[in-house]
Amino acid sequence: MAMLYTVNKSPLERNALESCLRHATVGTAILLIEDGVYGAMAQTAFTPALEQALQKLHIYALKPDIEARGIQDKILPGIALVDYGGFVDLVAQHSPVMAWL
Amino acid sequence: MAMLYTVNKSPLERNALESCLRHATVGTAILLIEDGVYGAMAQTAFTPALEQALQKLHIYALKPDIEARGIQDKILPGIALVDYGGFVDLVAQHSPVMAWL
Amino acid sequence: MATKKKIMIVNRKAPHGTIYAFESLEMALITAAFDQDVTLAFLDDGVYQLVKNQDTRPIETKNFTRAYRALPDYEIEKIYVERESLNARGLTPADLAVAVEVLDADTLAQRIMQQDVVFSA
Amino acid sequence: MATKKKIMIVNRKAPHGTIYAFESLEMALITAAFDQDVTLAFLDDGVYQLVKNQDTRPIETKNFTRAYRALPDYEIEKIYVERESLNARGLTPADLAVAVEVLDADTLAQRIMQQDVVFSA
Amino acid sequence: MKFTVLVNEGPYTHQASDTAFHFTKAALEKGHHVLRVFFYHDGVLNATALSVPPRDDRDVVKRWSTLAQQYQLDLVACIAAAERRGILDSEDAKRHGLEMDNLAPRFRISGLGQLVEAAIQADRVVVFGD
Amino acid sequence: MKFTVLVNEGPYTHQASDTAFHFTKAALEKGHHVLRVFFYHDGVLNATALSVPPRDDRDVVKRWSTLAQQYQLDLVACIAAAERRGILDSEDAKRHGLEMDNLAPRFRISGLGQLVEAAIQADRVVVFGD
């Protein structure tokens, strides 16, 4: 079964998302939550790293957190948005689950 | 009067020290405290940035925090070590004081 | 207390993930009530605080970001946003909910140096 | 509960600046008492936790780092440290207080995948 | 499916407790079984009975208590983490000679073993923190 | 010289409160005047009367109270930050219909204006946080 990583940190403030991507093997699912959703934005200094990651990983982002931050129109294509129920489904479908805090 | 910046974050986890250095004008004093003292180490990925900063800035590090972390033998030459009393003196000698948190 | 003090509140953290942005805004509003020379500076992830159309109903928290638009009512007129921080995040002043003055890092550094007090969180 | 679970405790934060390293170590020791298949992983700033000769008397906090040396007594034998994290910090296994297995990032990633439970803080 | 949830941060300061709450609620609504929500590190601060948030904000503590009542959810705060941060149940307070306790309804205080035990029994462990 | 100290984080979780304490103590020992130590954000958690740390660790709360007694130091926690985090003095508890309060000795609870006022009067303001 593929595993799920969650990341809740902005990639321009902390190294959590960068380190997570460095440890994500092909087919791993990554869910961006809380301030981690800033990592899903287009046209940022981190965007190239995420675009590269999208080629081998399944990347999701929590829609409630995106809307809270007003960035719904700036999300990279290829990132799937989920709500809290979708978060639960991702956890049920993957194992283990690890939080990059 | 020259100003004092304090930085308490590890430079390999967060962007605080990097951002601080980007905003430090010639002659500014920087005091590394708490996990910020990891930024004072030689031979790390951040060392080149700090060596460059040492050419135009006064960089201090809190000795109690260095000893707590066991890195007293790995501190870059040119960084002055102070204790809590020295911290107080630096604050008295500079204004304003800003914490890069 | 004859002369006003120059007090800057520096915002470097993203909103919502932590409470610092919200409680720093409260600090800014209180400080303004003391009739001092108040400046707000937004840099690094702090620039995210000012993004428009933030809607916190989906995360069920209080939408404190609406209060940024009220800053002029509190006579806080110096609102600086760092150009480099905006650029790194793909943002422009048109993305922000508030009228701000965009400064480059060097100019912002000069403005910090001129303060009497710098608060950060 | 016939079969043991594979439980990994991931340490990515520096000691002393925050309490996570200390309280994660407590978690590791308790987990070991449950007779499971326990692994500790140290990467990113977490590798600083294992540096030898840490002396917290000058900051007047409890020196919990001495307990890392006792990990084998708790039958925690899988202690992985990431090579890339050590290198970026100018550290080698000789700088550490504990005997560890150094793994590169790819190998560590494989070990994470094999777990049933991954704790982090 | 059986979940165990770990909350590492206190209310309001970090979003972790909010996200953990919405995750737990969604899991329960989908019919999953949440064996235990364990509060560690600053997470124990979610268990204070004395939090009084402004009326126009959510009440994080009360929300956990209500969810626990509704679903017979087991909310456990780590005793060692709670004691140093000033969260005590009546027994704990008495043992330390204090006249007050401040544990919120439906929370209980116990050892870290309760986390490990729930992690062993669960199909999934999900961690929320800083 | 006149100092104002701002503490943004709670005890134990972050070193900020430790460093602020050692800084404040050193300033007082050098003969400086510390006008006020203000506790904001999670810093208000330093003011809990219920913290019971292990015997082999420092007692962060008690240490602040003792320093305050020794030097007539003014320790003030922000009321808005304290209420949402469950730190209440007896008056505040009564107003909210709660039977317990948990403010540690020598701390008082007041508004953010106390921080601004002390910052205006001080020669230096030093901030400790996360």
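Chain letters run A, B, ... following the sequence lines, proteins first and then strands; every chain starts at 1.
- When heavy atoms are compared at a cutoff of 4.5 Å, C/Phe22 approaches chain F solely by way of its side chain, counted from C-beta outward.
- Here F/Val125 is the residue among F/Val125, F/Asp123, F/Val126, F/Thr4 with the most heavy-atom pairs under 4.5 Å with chain C.
- Using a 4.5 Å cut-off between heavy atoms, F/Ala81 contacts chain C through both its backbone and its side chain.
- If you measure heavy-atom distances from F/Leu6 to chain C, the contacts under 4.5 Å come from the side chain alone.
- Between F/Glu83 and F/Arg95 there is a salt bridge, since a side-chain N of the basic residue sits under 4.0 Å from a carboxylate O of the acidic one.
- At a threshold of 4.0 Å, the pair C/Lys78-C/Asp37 counts as salt-bridged, since one of the basic side-chain nitrogens sits closer than that to a carboxylate oxygen.
- Between F/Arg36 and F/Glu117 a salt bridge is recorded (basic side-chain N to carboxylate O distance below 4.0 Å).
- The aromatic ring centroids of F/Trp64 and F/Phe21 lie less than 6.0 Å from each other.
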